[in-house]
Amino acid sequence: MGDSVEDIKKHVRTYVMVFVVLLFLTGVTVGISYVDMGHTMNIVLALVIATIKASLVAAYFMHLISEKKLIYYTLLIAALFFIGLMFLPTGQSLDPIHL
Amino acid sequence: MLIPYTVKPRPDTGLINSKLGIWLFLASEVMLFGALFSSYILLRVNSVDWPVGSTILSVPIAAFNTVVLISSSITVIMAWASLKMGNLSKGRMYILITFLLGLTFMCVKAYEYNTKFHHGLFPSESTFMAIYFTLTGLHGLHVLGGMIVFAYFWGPGAKMWKTEPEHFTNRIEIVGLYWHFVDLVWIFLFPVLYLL
Amino acid sequence: MDKFWGMPDIASAHGAEIDQLIGYVHYLMFALFIFWGGFFILTLIKFRGSRPGPANYAGAKGKFSTYLEVVVAVIEAVLLIGFSIPLWAKRVNEFPTQDTNVVRLVAEQFAWNIHYPGPDGVFGKTSFELVNNETNPIGLDRDDPAAADDVTTINQLHLENDKPVIIHLSSKDVIHSFGIPEMRIKQDIIPGMSIPVWFTPITEGNYEIACAQLCGLGHYRMKGYVTVHDSAGYQAWLDEEAALLAEEEEGDDFWE
Amino acid sequence: MSQSDHHDEHANEHPKLGFWQAYVFSTDHKVIGIQYGLTALVFLFFGFCLMMLMRWQLAYPGQALPIFGSLFSDATMPGGVMLPEFYNSLGAMHGTIMVFLGVVPLAVGAFGNFVVPLQIGAPDMAFPKLNMASYWSFFAGGVVMLYSFMAPGGAANSGWTSYPPLSDIATAGQTYWLIGMIFLITSSLLGSVNFIVTIIQLRVEGLTYMRMPFFVWAQLVTAFLLLLAFPPLEAAGVMQLMDRLADTSFFLPTGLVVTGDALQVSGGGSPLLWQHLFWFLAHPEVYVLILPAMGIVAEIIANNSRKPLFGYKSAVYSLIFLGFMSFIVWAHHMFLTGMGTTISAFFQTTTMIISIPSVVILTVFFISLWGGRIRFNTCMLFALGFLPMFGIGGLTGLPLGLSAADIPLHDTYYVIGHFHYVVAPGTLLALFAGIYYWFPKATGRIMNEFWGKVHFWGSIVCMNMIFFPMLIQGLAGVSRRLYDGGASYEFAEPVLHYNAAMSHAAWLLAVFQLPFIINFFYSIWKGKQVDRNPWQSTTMEWEAPSPPPHGNFDTPPVAYRGPYEYSVPGAEKDYTPQCEAAEV
Amino acid sequence: MKIRVIMMGLMLTSVVFAGEITGVVKWDGNAPKMKALKMDADPVCAAAYTGDAARAETLVLGEGNTMANIFVRISSGLADKTYPTPSESAVMDQKGCVYHPHVVGVMVDQTFLFKNSDDTLHNVNVKAKENRGFNLGMPTSLRESEQKFTREELMIEVKCNVHPWMKSFIGVSSHPFFDVTGEDGKFAIKGLDAGTYEVEVWHEKLGTSTQKVTITKDESKAVDFSFSMPSK
């Protein structure tokens with residue numbers, strides 16, 4: 001990431017664009033939540049949009065797109081455990097003792 | 001005694017201490033909210049009937065709050081950009097706006113809670129209400145924490161600019177990272193609680 | 001090899017297999033401990049500080065430690081894949097389907113309520129709203145025709161020898177754990193869930209149910225009594241209970 | 001920029017600090033380390049006292065405790081006889097205090113804080129003020145935990161695991177427990193961020209990752225465990241607080257009937273959710289207890305065998321792997337919660353896999369002794385004692401990790417014996433070793449060797465007398481957490497007689513701590529003075545003066561080689577310090 | 001001096017000669033048979049009953065269907081003042097895995113003694129709502145425990161978790177004008193001043209019923225109550 005005043009100004013333009021996209025996506029989420037596309041489809045779509053929004057925030061606002069490797073590793077570990085924590089407990093309730 | 005790499009990045013890692021620190025903290029926050037989301041999934045999968053959020057909660061209010069938080073994300077990054085370009089007064093203005101947006105978010109939240117209580121909807125009502133209040137409550141506490149920090153950097157904390165402008169700019173960047181994360185959590189909370 | 005050191009006598013059909021596994025694991029543990037311990041003591045004596053000469057910078061040579069680690073890993077894999085996983089699968093998946101006794105057990109602080117389906121073999125409905133600790137601890141709905149002949153006891157589990165029994169475990173309040181050491185059976189009872197366990201008693205006699213999960217101040221004496229009868233004795237006991245039940249029917253049920 | 005460049009000139013100027021700033025609200029990592037250490041030792045002793053009370057009840061169920069019995073209130077021990085609730089409180093608080101207020105603060109808070117910056121040549125921790133906040137948050141948590149004994153109904157009494165629904169419907173002490181835990185979690189989060197940043201960012205020039213002492217590696221991995229494993233417990237704690245204070249039912253399923261009355265809650269919760277979140281923390285927590293101990297043992301063994309650690313790299317990789325795997329084995333604590341084949345097979349497999357790196361590390365330590373010139377001083381005795389004791393602890397974990405073998409052993413004294421072998425004679429011996437080893441660095445004086453050896457032999461013998469019979473009782477099927485130690489049960493009869501002997505050993509163990517306590521305080525003021533490197537060690541902490549001043553080193557050191565260059569062939573002396581310039 | 005003597009005289013008269021309400025509580029209709037309690041859950045309990053099994057005490061009748069375990073008290077009409085707390089303690093014993101007595105009255109702040117005469121663990125789970133509820137384990141090592149109730153509460157349910165059939169009730173009254181009937185169904189409330197009172201009788205399943213009684217000075221009046229099987 002450049003540090004000169006010019007670079008920063010360029011960044012600011014990116015930020016504003018990302019901001020507009022985020023506003024747009026918020027509108028889309030709300031909009032499609034009123035359209036019934038089947039329960040599962042609605043959930044999947046809403047989560048996909050949320051993930052896109054979150055990625056935008058992380059990548060541009062939080063500068064993750066040009067971050068150092070060390071930070072990637074840290075987040076990668078957290079993400080792995082996060083996934084484990086997310087699904088293993090549910091796994092148990094889906095795999096009970098079968099009579 | 002001086003702690004190295006508080007302002008200049010360490011050559012081999014390319015990072016300053018506080019930046020690594022905040023990312024580690026955010027990693028732990030990922031696990032905190034991850035645990036709560038995991039609880040949400042488990043409770044929902046095992047539930048007999050789970051209400052659709054929009055039938056109980058107000059989507060327009062939450063959508064408004066989403067916009068407020070996203071806007072505050074852009075203002076905090078503008079604050080950092082302004083400071084980076086050496087403009088303290090503009091930076092402070094953006095910090096103030098961020099703070100006020102945070103305040104707006106909290107006021108709307110308070111209004112929302114209040115309506116729920118008036119309708120007799122307390123956390124004890126159902127597992128859905130319980131997880132709604134716990135998740136949004138914890139998120140609200142994070143917003144509050146961020147607001148306190150912004151208030152500090154807008155007021156007494158800004159004195160640092162005179163002696164160590166670069167350090168001050170870094171601090172705004174760090175708190176900005178935290179603030180974006182709080183925003184990011186809300187981006188997930190909004191559909192998960194209100195829409196699905 | 002039947003049972004491992006100091007364990008209670010085995011009274012169930014699958015007990016020997018479990019003890020066999022425990023035995024094998026312990027032999028591995030002993031072997032490793034004795035091997036390591038021997039090496040340790042030898043090293044301490046051989047390389048004590050008072051011996052002449054300097055320490056050896058390079059230290060031990062060879063791949064011996066790697067081989068040891070591989071051997072341990074292989075033995076563990078055998079125990080895991082060859083014994084533990086199949087044994088577990090047998091416990092939780094392969095429930096006997098025919099010629100079994102089925103019992104419900106409802107744990108509470110600090111007693112075991114046992115529910116037999118009676119001669120019709122069908123459990124009557126239960127509801128937590130009907131629970132009355134004095135007279136109807138499991139909330140049995142006596143209006144349900146299937147419930148009429150159901151027998152309930154507190155802390156008294158009667159089993160039939162040489163016949164598999166399936167016990168459905170549930171809890172009224174907190175987590176308990178149903179354990180009969182001699183039967184090599186133990187299962188946590190999670191409120192909100194009904195978890196089945198099964199085993200086949202093979203020795204007549206009296207045993208104890210022990211609660212293994214802290215459930216409050218009376219946890220230490222949350223004890224149940226198990227009686228394993230022969231077939232005739234079991235039938236006699238069932239008849240006796242049925243007679244008692246008939247006598248009770250005469251009472252006025254308003255007070256329940 | 002220009003500002004910061006000037007700082008080096010007055011880097012070693014320190015205005016004289018007042019008493020409060022120097023000793024109480026200090027930001028100096030060494031003072032904080034010592035604060036952690038002393039507080040943790042007090043808590044360890046307190047937790048030990050709780051255990052000794054329990055052991056009286058187990059040895060002599062229902063008999064009045066002589067002398068001390070009259071000190072207790074009627075709500076706990078009327079007439080000196082313990083009530084079951086109080087026994088349960090003691091059990092829960094013994095576990096909580098020993099783990100969260102004793103061993104972890106000592107292993108991580110004290111040794112980590114004191115030693116890590118010195119070993120990496122740093123002037124202090126990366127965030128000194130956070131460091132102070134971390135200590136005081138820990139302290140507040142401790143105070144809340146202690147205060148909970150005054151709560152109506154006594155302290156938390158649902159076990160250190162606090163399984164709901166029992167803990168949801170328990171007395172007020174449980175609320176204090178949760179609040180205390182939130183303080184402790186905050187403390188360890190602040191601490192772990194600080195440790196990781198310090199180790200990664202403040203290593204001196206030349207100290208590459210593979211030149212870091214094993215202890216620093218252990219602390220780094222530990223800090224990651226604390227960082228990522230604690231938040232789920234915090235989430236669980238918040239949910240349990242909601243259950244208790246806001247009548248939610250996260251952990252309460254529908255249709256509960258407590259003592260004959262239907263519970264008035266919405267229901268729909270899951271008791272297993274708590275167990276998952278709790279063990280997601282508590283299994284890595286086990287490694288939080290062990291890894292620093294392993295680090296200490298590695299330092300001391302290398303130093304006192306006067307040779308490099310055998311297989312340093314494989315040990316480091318094992319450490320990292322161990323840390324990683326510890327996150328995905330947690331449900332082996334929950335085999336008997338109604339688990340099907342697939343999930344139980346998954347967790348059994350990960351459990352067996354995680355035993356391999358432990359074996360590797362232990363083997364590294366054993367083989368490191370081969371070819372050395374072993375000095376049997378007190379700290380080395382403790383470190384050597386750790387090896388077989390941790391060996392027993394680790395091995396007894398095997399049958400518990402195999403779900404089928406776990407059926408009869410689950411929740412019996414076998415489990416208690418297993419983890420106490422890991423933590424008490426295992427970790428605690430290593431921590432004592434650390435105290436004897438680094439005492440000269442903190443005070444400039446050395447502890448008495450003779451009394452140290454008395455302490456060691458007394459402790460290791462007594463500990464085995466306490467914990468080995470537990471394994472036997474467990475095999476006989478005696479459940480844990482029984483107020484009368486199993487006297488109600490006939491099947492427990494053959495092994496009950498051990499209880500008295502175990503209790504006597506526990507009290508004797510207390511007696512053998514006296515030489516340590518006296519030795520410790522005597523040596524602070526009257527111990528033999530020593531120079532800055534009494535053990536002739538290679539790692540960097542010994543380059544600093546003893547005790548090190550604020551800012552630690554006279555001049556920032558530079559690392560030229562690995563951490564354990566002992567008995568280098570051709571060198572003049574049998575140790576070559578890490579920061580001794582190469583003779584080129 | 002003189003005044004004190006007169007005062008004491010007055011107090012004595014008020015105790016000895018003050019008004020009294022007595023009566024009998026009876027059961028109307030057929031007496032249902034109570035269930036036998038199955039005590040084989042705890043051999044210690046079972047051993048206490050060699051002949052007849054203990055029966056549930058929901059309804060205990062005497063000769064002529066008089067009702068025991070009825071809590072009787074003055075529910076209104078008393079002057080608004082505080083009454084001295086008796087120095088002797090109210091007692092509830094746990095014997096043969098049954099509470100003796102089944103219903104006890106106690107005044108606010110009066111000591112209440114829980115006894116355990118059995119060789120087994122009992123736990124007194126006092127499910128108070130106004131007062132501080134507690135759950136006191138009474139292992140064989142704890143034979144007696146003194147407790148106090150600090151607020152009026154009618155009635156507090158007491159249970160034993162170890163023996164699910166055990167149940168009893170405690171009535172905590174702010175005044176001393178209460179009684180519990182024995183098997184003869186009789187009660188007597190003494191020491192009342194002249195006035196109109198409401199007498200309330202309470203049964204654990206059948207609830208309460210009241211009657212108004214007016215007594216003049218030194219008068220003793222009888223008032224009878226009856227309960228019957230409610231329609232289901």
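Just so it is clear, the model here is predicted, and its values are computed rather than measured. Lettering of chains follows the sequences in order, A, B, ..., and the numbering in each one begins at 1.
- The part of A:Leu70 that comes within reach of chain D is its side chain, from C-beta onward, which places non-hydrogen atoms under 4.5 angstrom from that chain.
- Heavy-atom distances place no part of D:Leu273 under 4.5 Å from chain A, backbone and side chain included.
- Residue contact with chain A, scored on non-hydrogen atoms closer than 4.5 Å, involves the side chain of D:Ile200 exclusively.
- The aromatic rings of D:Trp160 and D:Phe100 sit tilted relative to each other, their planes meeting at an angle between 30° and 60°.
- Contacts of D:Leu277 with chain A are made by side-chain atoms alone, with heavy-atom separations under 4.5 Å and no backbone atom involved.
- A perpendicular orientation is assigned to the rings of D:Trp330 and D:His276, their planes being inclined by more than 60° (bins at 30° and 60°).
- Side chain to side chain, D:Thr337 and A:Gln92 meet the donor-acceptor criterion of an N or O pair below 3.5 Å.
- In this structure, chain A has heavy atoms under 4.5 Å from both the backbone and the side chain of D:Phe324.
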Give every donor-acceptor pair under 3.5 Å between a side-chain atom in residues 75-83 of chain A and any protein atom, sequence neighbours left out.
none

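- Classification of the D:Trp274-D:Phe251 ring pair by plane angle, with boundaries at 30° and 60°, yields perpendicular.
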